[in-house]
Enquirer: 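First the structure, then my questions, so here it is.
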Amino acid sequence: MKRRQFIQAAGAGVVLASTVGCATVSGSAKPQVVVVGGGYGGATAAKYIRMWSGGAVDVTLIEPNPKFISCPLSNLVLGGSRMLADLTMGYDDLTRKHGIRLLQDAVKFIDASQRTVLLASGATLKYDRLIVSPGVDFIWDQLPGMQREGAQDSVLHAWKAGPQTLALRAQLQAMPDGGVFAMTIPPAPYRCPPGPYERASQIAFYFSQAKPRSKVLILDANEDVVSKGPLFKRIWKERYKDIIEYRPGFNTADVDARTRTAMSEIGDQVKADVLNVIPPQRAGAIAVQSGLANANGRWCAVDFLTFESTAVKNIHVLGDAIMTAPLMPKSAHMANQHAKVCAAAVVDLLAGRTPEARPMLTNTCYSFVCDKDVIHVASVHAYDADKKTLLVVPGSGGVSAGPSALEGEYAMNWARNIWADTLS
Ligand SMILES: Cc1cc2nc3c(=O)[nH]c(=O)nc-3n(C[C@H](O)[C@H](O)[C@H](O)COP(=O)(O)OP(=O)(O)OC[C@H]3O[C@@H](n4cnc5c(N)ncnc54)[C@H](O)[C@@H]3O)c2cc1C
């Protein structure tokens, strides 16, 4: 049975348990999939495995946070046009509608030889296939000053939406008019290529409304704006000329949190009233500890047909944690697409079938440049069997001609769609 027929059969309510391999390590009647991380990659994979297996695969999702908080749109909280509550959602539908077993816990250790995971609570779970989507963690030892006591409480990253987003907003509100907000951007690759530039635009928008004498200083380790460069730079010139200053090639090597000073590798120092440090990044800690980060010790290389790790069998890695294919951004949209390719492959593999040989993935990244106007970049990524990677389909990419409120509506629809696709 091909996957399409399988999915149609599942939709028609046919009982499929017999089509899925039943020789499970857990001894349970159904194959067991454990998913680590209930973000954009993990929650989507959990839901689609349940749907596409017609309930024939048991799925356990492990996530420490009680609620899902979206990083996409979190820069608008800093700009003041959205509340964090607007971006916060429950996991209830995943359990109620899709029968996913959700554990509010964290995975401490993966034993690939036994196919078990150890949870912080002390429980051990067995798996037939493990899906790891832990997002990113920060490489703090590249910024020694940020490891001093209290440094990370005063100089914030706000690169994982949640309490830090609110705390950075409070710092911006408390800053006097005429103050300087400086943000540091690490060398690519990092989570969400256009995200820092959207953030700079949002804070400049806030200053233009509330603190017009204030400045936004962008200290970018990269030699140029990494994503939508010509558009961002044009918009900054047209809308925020007296507010935003862009300094490329400022590779932050250390930070003095007490004086809110960023230091570059060549010794330049910049002191700010509010300093926002986006640190260098790598795959989430659990992936690194488990030997999955086999690309420079930072990212997890995968087989793009299944998203199975190239380092450890029966473990699949999704989202920001992977070593991406050429020109593939670390985005929520891509994590969602990884999750679907992986979910289909895992259902096939558990049923003893060969996964789809020609996956296609799409991506659109929207960026708000004020409270309403938006720009985007889009791309299509197709599997290349010779190169064994996903390559951008020539001519498939596109960027906005300029910012518009109509794109702002599309961006909000994109967000509602991906939230529903991930969680409902
Ligand atoms: C400011 C900002 C704006 C952004 N805007 C956009 C945008 O407009 N469009 C877009 O497409 N992308 C955007 N992104 C990027 C997007 O947020 C990420 O690419 C996406 O979240 C990646 O999904 P993920 O599943 O890899 O990680 P996440 O969504 O971060 O999920 C990882 C989950 O794993 C959990 N976890 C970690 N370790 C463990 C463990 N040991 N045990 C159990 N659970 C664990 C975490 O708690 C977390 O919930 C933005 C990011 C930022 C920071």
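Both counts, for ligands and for their atoms, begin at 1 and track the order of listing.
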Enquirer: Does G195 come within less than 4.0 Å of ligand 1, judged by its heavy atoms?
Expert: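 Outside the 4.0 Å threshold, so no.
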Enquirer: Just wondering, do Y190 and P280 contact through their side chains at under 4.5 Å, heavy atoms?
Expert: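 Sidechains of Y190 and P280: no contact.
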Enquirer: Is it the case that H376 and W414 place a side-chain donor and acceptor less than 3.5 Å from each other?
Expert: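 The answer is no; no qualifying pair exists.
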Enquirer: What I want to check is whether the side chains of D384 and T389 have a donor and an acceptor closer together than 3.5 Å.
Expert: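 Note: D384 and T389 side chains miss the donor-acceptor criterion.
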Enquirer: Under 6.0 Å from the CZ atom of R258, do we count more than 12 heavy atoms belonging to anything else shown?
Expert: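 Open.
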Enquirer: Who gets closest to atom 53 (C) of ligand 1 by heavy atom: F109, Y366, Y40, W159?
Expert: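 When every heavy atom of F109, Y366, Y40, W159 is considered, W159 comes closest to atom 53 (C) of ligand 1.
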Enquirer: Does any N or O of ligand 1 fall below 3.5 Å from an N or O anywhere on S133, backbone included?
Expert: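 The answer is yes, given that S133 and ligand 1 share an N or O pair closer than 3.5 Å.
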Enquirer: Just heavy atoms, cut-off under 4.0 Å: does F68 contact ligand 1 by side chain, backbone, both, or neither?
Expert: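 No part of F68 comes within reach of ligand 1.
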Enquirer: What residue and atom, counting heavy atoms only, is the protein's closest point to atom 37 (C) of ligand 1, and at what distance?
Expert: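 Result for atom 37 (C) of ligand 1: P134 O, 3.5 Å.
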Enquirer: Stepwise, does the side chain to side chain donor-acceptor pair (under 3.5 Å) test hold for Y40 with S70?
Expert: CA-CA 8 Å; Y40 278 99; S70 173; 2.6 Å; yes
Enquirer: Is D224 paired with K233 through a side-chain N to carboxylate O contact shorter than 4.0 Å?
Expert: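 Salt bridge between K233 and D224, a charged N being under 4.0 Å from a carboxylate O: yes.
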Enquirer: May I ask you to identify the nearest protein heavy atom to atom 2 (C) of ligand 1, giving residue, atom name and distance to one decimal place in Å?
Expert: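 Atom 2 (C) of ligand 1 sits closest to the protein heavy atom C71 O, 3.8 Å.
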Enquirer: So, does K211 use its side chain to make a donor-acceptor pair with the main chain of Y206 at under 3.5 Å?
Expert: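 No; judged by distance alone, with no hydrogens or angles, the pair does not exist.
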Enquirer: With heavy atoms of N75 as the reference, note each atom of ligand 1 found under 4.0 Å away.
Expert: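 Near N75, meaning under 4.0 Å from one of its heavy atoms, ligand 1 has 1 (C).
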Enquirer: Does a donor on one side chain sit under 3.5 Å from an acceptor on the other, for Y197 and D220?
Expert: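 Distance-only check passes for Y197 and D220.
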Enquirer: Take D128 and K30 through the test salt bridge (Lys or Arg N to Asp or Glu O under 4.0 Å) and record every step on the way to the result.
Expert: CA-CA 10 Å; D128 295 292; K30 293 180 180 179; over 6 Å; no
Enquirer: Please write down residue, atom name and distance for the protein heavy atom closest to atom 34 (O) of ligand 1.
Expert: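 Heavy-atom neighbour on the protein nearest atom 34 (O) of ligand 1: G37 CA, 3.2 Å.
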Enquirer: Under 4.0 Å from a heavy atom of V36: give me the atoms of ligand 1 that qualify, with their elements.
Expert: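 Near V36, the atoms of ligand 1 are 40 (C), 42 (N), 43 (C).
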Enquirer: Examine D320 against ligand 1 and note whether any of their N/O atoms are separated by less than 3.5 Å.
Expert: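 There is such a contact, yes.
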Enquirer: Report the part of K108 (side chain from C-beta onward, or backbone N, CA, C, O) that has a heavy atom under 4.0 Å from ligand 1; answer both or neither where that applies.
Expert: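 For K108, there is no contact with ligand 1 at all, from either part.
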Enquirer: Considering heavy atoms of the protein only, find what lies nearest to atom 43 (C) of ligand 1 and give residue, atom and distance to 0.1 Å.
Expert: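 Of the protein heavy atoms, I62 O, 3.5 Å lies nearest.
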Enquirer: Taking atom NZ of K271 as the centre, report whether more than 12 heavy atoms of other residues, nucleotides or ligands fall under 6.0 Å from it.
Expert: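 Enclosed.
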Enquirer: Any idea which protein heavy atom is nearest atom 9 (N) of ligand 1, and the distance to it?
Expert: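 Result: W414 CH2, 3.4 Å.
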Enquirer: If you measure from the Lys or Arg side-chain nitrogens to the Asp or Glu carboxylate oxygens, is any gap between K215 and D273 under 4.0 Å?
Expert: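 So K215 does not pair with D273 through a salt bridge.
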Enquirer: Purely on distance, is any nitrogen or oxygen of S74 under 3.5 Å from one on ligand 1?
Expert: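 There is no such contact.
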Enquirer: Taking distance alone, with no angle check, do C365 and ligand 1 share an N/O pair under 3.5 Å?
Expert: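 There is no such contact.
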Enquirer: Any idea which of P64, P72, A106 brings a heavy atom closest to atom 44 (N) of ligand 1?
Expert: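 Looking at heavy atoms only, P64 sits closest to atom 44 (N) of ligand 1.
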Enquirer: Flag the pair R247 and D268 as a salt bridge only when some basic side-chain nitrogen lies within less than 4.0 angstrom of an acidic carboxylate oxygen.
Expert: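 No, R247 and D268 are not salt-bridged.
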Enquirer: Is it the case that N75 and E198 place a side-chain donor and acceptor less than 3.5 Å from each other?
Expert: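 Result is yes, a qualifying pair exists.
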Enquirer: Look only at interatomic distance and state if E63 has a nitrogen or oxygen under 3.5 Å from any nitrogen or oxygen of ligand 1.
Expert: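 Checking ligand 1 against E63, an N or O pair does fall under 3.5 Å apart.
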Enquirer: Under 4.0 Å from a heavy atom of K330: which atoms of ligand 1 are those, numbered in the order shown and with their elements?
Expert: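 Atoms satisfying the 4.0 Å criterion: 19 (O).
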Enquirer: What is the nearest protein non-hydrogen atom to atom 31 (O) of ligand 1, stated with its residue, atom name and distance?
Expert: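 Minimum-distance protein heavy atom for atom 31 (O) of ligand 1 reads G39 CA, 3.2 Å.
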Enquirer: Report the nearest protein non-hydrogen atom to atom 4 (C) of ligand 1: residue, atom name, distance rounded to 0.1 Å.
Expert: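 Protein heavy atom at minimum distance: C192 SG, 3.5 Å.
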Enquirer: Looking only at protein heavy atoms, which one is nearest to atom 28 (P) of ligand 1, and what is the separation?
Expert: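 Closest protein heavy atom to atom 28 (P) of ligand 1: R191 NH2, 3.5 Å.
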Enquirer: Polar-atom distance check: G41 versus ligand 1, any N or O pair below 3.5 Å?
Expert: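 Between G41 and ligand 1, an N or O pair is found under 3.5 Å apart.
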Enquirer: So that I can tick it off, tell me whether R353 and D348 are bridged by a salt bridge, with the cut-off set at under 4.0 angstrom between side-chain N and carboxylate O.
Expert: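 Salt bridge between D348 and R353, a charged N being under 4.0 Å from a carboxylate O: yes.
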Enquirer: Any idea which atoms of ligand 1 are less than 4.0 Å away from a heavy-atom of G319?
Expert: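 Counting from 1, the qualifying ligand atoms are 26 (O).
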Enquirer: Quick check on side-chain hydrogen bond (donor to acceptor under 3.5 Å, both in side chains): which of H157, R199, R260 does N276 satisfy it with?
Expert: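 That would be R199.
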Enquirer: Where's the contact between A335 and ligand 1, heavy-atom distance under 4.0 Å: side chain, backbone, both or neither?
Expert: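 Within the 4.0 Å criterion, A335 contacts ligand 1 through side-chain atoms alone.
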Enquirer: Under a 4.0 Å heavy-atom limit, does N65 contact ligand 1 with its side chain, its backbone, both, or neither?
Expert: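 N65 to ligand 1: side-chain contact only, backbone stays beyond 4.0 Å.
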